[in-house]
Undergrad: 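Before I ask anything, here is the structure I am working with.
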Amino acid sequence: MKLRYEKFTAVVSVLLLLGIGCSKKKVEEPPPFDVNAAMTRAWNDFQSDDYDGAREEFSSVISHDAENANAYMGRGWCYAYLAKQNESLFDSAKADFGSAKSRNIGSADADMGFAAVYRSLDGFCDSAIVFAGNVIAADSNYVFSKDFTTNYLDAHLIKGYCNYYLGEDHFPQAHIEVNYLCTRVLYPLDSLSDPSTYTGDSYERALALKLELLTEQISPR
């Protein structure tokens, strides 16, 4: 009987020790969300043309930091590129660019995004011209730091294209933008002559051709 009791006591002691050990074991908590690391991953994805992956990373940042203007701007650009396959995403791009601006983003990147989006939508050329003008006014040598191929030349091209699209009354503004760009592209083009030297609709066709050639150099994709 005594032996059985001693065995029982020994078992209980072992169990108690195990219990104490378990109670002292710390539950590991997940590390705090690293906004900077997530933003770096997002921009890396963006620059690798993985716009879906970048969008998810930017969304994750926003879920942890709802006032992060750069995350809204980045996600807006993702939506703008993805909208080339799904035009309904243009609305999401506009919403995010608006959120970035309302949070006082410290660059012209959201305005450039707005200009690009409105340039792609029918009936919004006036808005595209305004936002492209904002970019140029903020920085006449503007370059989007996350995509060097998007810069002040795109802003001028948007102004030129949209003024042409708005019709004959806006051709003088389109003419100014076209001739400005002809001297600044990688492979310079001859400037347009004075409109009075053209006959019939040949001036309109010449203006359209210049815009097409400039687009091939400035915004080939």
Undergrad: Is there a donor-acceptor contact under 3.5 Å from the side chain of N179 to the main chain of L192?
TA: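 Yes; at least one donor-acceptor contact below 3.5 Å.
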Undergrad: Using a cut-off of 6.0 Å, state whether more than 12 heavy atoms not belonging to Y165 lie near its atom OH.
TA: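 Incorrect, the count does not exceed 12.
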Undergrad: Tell me yes or no: between the side chains of S196 and D194, is some donor less than 3.5 Å from an acceptor?
TA: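 A donor-acceptor contact under 3.5 Å links the two side chains.
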Undergrad: Within a strict 4.5 Å, meaning less than it, do heavy atoms of the D147 and Y81 side chains meet?
TA: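 Yes, side chains in contact.
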Undergrad: Which residues pass the side chain to side chain contact (heavy atoms under 4.5 Å, CB included) test with V143, sequence neighbours left out?
TA: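 In terms of side chain to side chain contact (heavy atoms under 4.5 Å, CB included), with neighbours along the sequence ignored, V143 is linked to F148, N151.
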Undergrad: Tell me, do E204 and Y164 make a side-chain contact under 4.5 Å, heavy atoms counted?
TA: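 Yes. Closest side-chain heavy atoms under 4.5 Å.
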Undergrad: Got C125 and Y118 here, is their nearest side-chain heavy-atom distance under 4.5 Å?
TA: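 A side-chain contact is absent here, since even the closest heavy-atom pair is not under 4.5 Å.
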Undergrad: Within the side chain of T197, is there an N or O that forms a donor-acceptor pair under 3.5 Å with the backbone of S193?
TA: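 Such a contact is absent between T197 side chain and S193 backbone.
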Undergrad: With a 3.5 Å cut-off and no angle check, do the side chains of D109 and Y142 form a donor-acceptor pair?
TA: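 A donor-acceptor contact under 3.5 Å links the two side chains.
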Undergrad: Is the closest side-chain heavy-atom distance between L207 and F171 below 4.5 Å?
TA: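 Yes; the side chains approach each other to less than 4.5 Å.
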Undergrad: Going by the side chain to side chain donor-acceptor pair (under 3.5 Å) test, name the single residue among R75, K101, R55 that passes it with D96.
TA: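 It is R75; the other options fail the test.
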Undergrad: Hey, does the side chain of S99 reach the backbone of A95 with a donor-acceptor pair shorter than 3.5 angstrom?
TA: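 Here the side-chain-to-backbone pair exists.
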Undergrad: Could you verify whether a donor N or O on one side chain and an acceptor N or O on the other, from D154 and Y152, lie under 3.5 Å apart?
TA: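 On atom types as modelled, these side chains do not qualify, holding no pair under 3.5 Å.
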Undergrad: Within this structure, what is the OG1-CG distance for the pair T183 and D190, rounded to the nearest 0.5 Å?
TA: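 With rounding to 0.5 Å, OG1 (T183) is 11.5 Å from CG (D190).
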Undergrad: Counting C-beta onward and ignoring hydrogens, is there a side-chain heavy-atom pair between V117 and L121 closer than 4.5 Å?
TA: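 Yes - at least one pair of side-chain heavy atoms lies under 4.5 Å apart.
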Undergrad: With a 4.5 Å limit on heavy-atom distance, are the side chains of E177 and L211 in contact?
TA: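 When only atoms from C-beta onward are counted, L211 and E177 do not touch, as no gap falls below 4.5 Å.
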Undergrad: Do you reckon V178 sits in the same ILVMFWY cluster as L166, going by side-chain contacts under 4.5 Å, direct or chained?
TA: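 Unlinked, V178 and L166 end up in two clusters.
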Undergrad: Quick check on the hydrophobic clustering: are Y161 and M112 connected, directly or via other members, by side-chain heavy-atom contacts under 4.5 Å?
TA: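 Unlinked, Y161 and M112 end up in two clusters.
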Undergrad: Write down the atom of A80, the atom of F90, and the distance for their closest heavy-atom approach.
TA: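 Heavy-atom minimum between the residues: O-CE2, 4.1 Å.
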Undergrad: Cationic tip of K94 within the cone over F124's six-membered ring, i.e. under 6.0 Å and within 45° of the normal?
TA: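 Here K94 passes the 6.0 Å and 45° test against F124.
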Undergrad: Rounded to the nearest 0.5 Å, how far apart are CG of N134 and CG of D139?
TA: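 CG of D139 is found 13.0 Å from CG of N134.
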Undergrad: Working note: H156 + I136, criterion side chain to side chain contact (heavy atoms under 4.5 Å, CB included); need CA distance, chi angles, decisive distance, verdict.
TA: CA-CA 8 Å; H156 283 283; I136 296 165; 3.5 Å; yes
Undergrad: Taking the six-membered ring for Trp, are H64 and F33 parallel (under 30°), tilted (30 to 60°) or perpendicular (over 60°)?
TA: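 Parallel, since the angle between the ring planes stays under 30°.
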Undergrad: Taking F58 as the fixed residue, which of W43, Y51, F46, Y72 is the one that meets the ring-ring contact (aromatic ring centres under 6.0 Å, His included) rule?
TA: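 Output: one option passes, namely W43.
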Undergrad: Under a plain distance cut-off of 3.5 Å, with no hydrogens placed, do Y203 and H175 share a side-chain donor-acceptor pair?
TA: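 Y203 and H175 do have a side-chain donor-acceptor pair below 3.5 Å.
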Undergrad: Could you measure the distance from the CD atom of E56 to the CG atom of D50? Nearest 0.5 Å is fine.
TA: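 The CD atom of E56 sits 8.0 Å away from the CG atom of D50.
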Undergrad: The test is side chain to side chain contact (heavy atoms under 4.5 Å, CB included); show your working for D126 and V130 and say whether it passes.
TA: CA-CA 6 Å; D126 285 321; V130 169; 5.8 Å; no
Undergrad: Tell me whether the count of non-hydrogen atoms from other residues, nucleotides or ligands lying under 6.0 Å of CD in E87 goes above 12.
TA: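 It does not: E87 CD has 12 such atoms or fewer within range.
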Undergrad: When you compare the side chain of S219 with that of L157, does any pair of heavy atoms fall below 4.5 Å?
TA: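 With C-beta onward as the side chain, the pair touches.
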Undergrad: Using a 3.5 Å distance criterion without hydrogens, assess whether the side chain of Q217 forms a donor-acceptor pair with backbone atoms of Y187.
TA: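 Looks like yes, one N/O pair under 3.5 Å.
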Undergrad: What pairs with R119 under salt bridge (charged side-chain N to carboxylate O under 4.0 Å, His left out), at least two apart in sequence or on another chain?
TA: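 Residues passing salt bridge (charged side-chain N to carboxylate O under 4.0 Å, His left out) with R119: none at all.
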Undergrad: If you measure from CD1 on I105 to CG on D111, what distance do you get to the nearest 0.5 Å?
TA: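 Output value for this atom pair is 9.5 Å.
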Undergrad: Mind listing the closest non-hydrogen atom pair of L89 and Y79 along with its distance?
TA: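 Closest approach of L89 to Y79: O-CB, 3.8 Å.
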Undergrad: Quick one: pull up CD1 in I218 and CD1 in I158 and give me the separation to the nearest 0.5 Å.
TA: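 I218 atom CD1 to I158 atom CD1 measures 10.0 Å (nearest 0.5 Å).
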Undergrad: Taking all non-hydrogen atoms of both residues into account, name the closest pair between A54 and D45 and its distance.
TA: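 Nearest pair, atom of A54 first, then D45: N-CB, 3.6 Å.
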Undergrad: Which heavy atom of A132 sits nearest to which heavy atom of K159, and what is that distance?
TA: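 Minimum heavy-atom separation between A132 and K159: CB-CG, 3.7 Å.
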Undergrad: Identify the two heavy atoms, one from A42 and one from E57, that lie closest to each other, and give their separation to 0.1 Å.
TA: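 What the structure gives for the nearest pair is CB-CB, 3.5 Å.
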Undergrad: Please name the pair of heavy atoms, one in I129 and one in C162, separated by the smallest distance, quoted to 0.1 Å.
TA: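 Residues I129 and C162, closest heavy atoms: CG1-CB, 3.6 Å.
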Undergrad: Considering the options N36, V35, N70, which one meets the side-chain contact (heavy atoms from CB on, under 4.5 Å) requirement together with V61?
TA: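 Checked N36, V35, N70 against V61; only one passes side-chain contact (heavy atoms from CB on, under 4.5 Å): V35.
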Undergrad: Without swapping roles, check the side chain of S120 against the backbone of A116 for a donor-acceptor pair under 3.5 Å.
TA: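 Yes, S120 side chain to A116 backbone: donor-acceptor pair under 3.5 Å.
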Undergrad: Once rounded to the nearest 0.5 Å, what's the spacing between atom SG of C182 and atom CG of L214?
TA: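 Interatomic distance, C182 SG to L214 CG, rounded to 0.5 Å: 5.0 Å.
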Undergrad: Hey, do the aromatic rings of F144 and W77 have their centres closer than 6.0 Å?
TA: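 For F144 and W77, the ring centres are under 6.0 Å apart.
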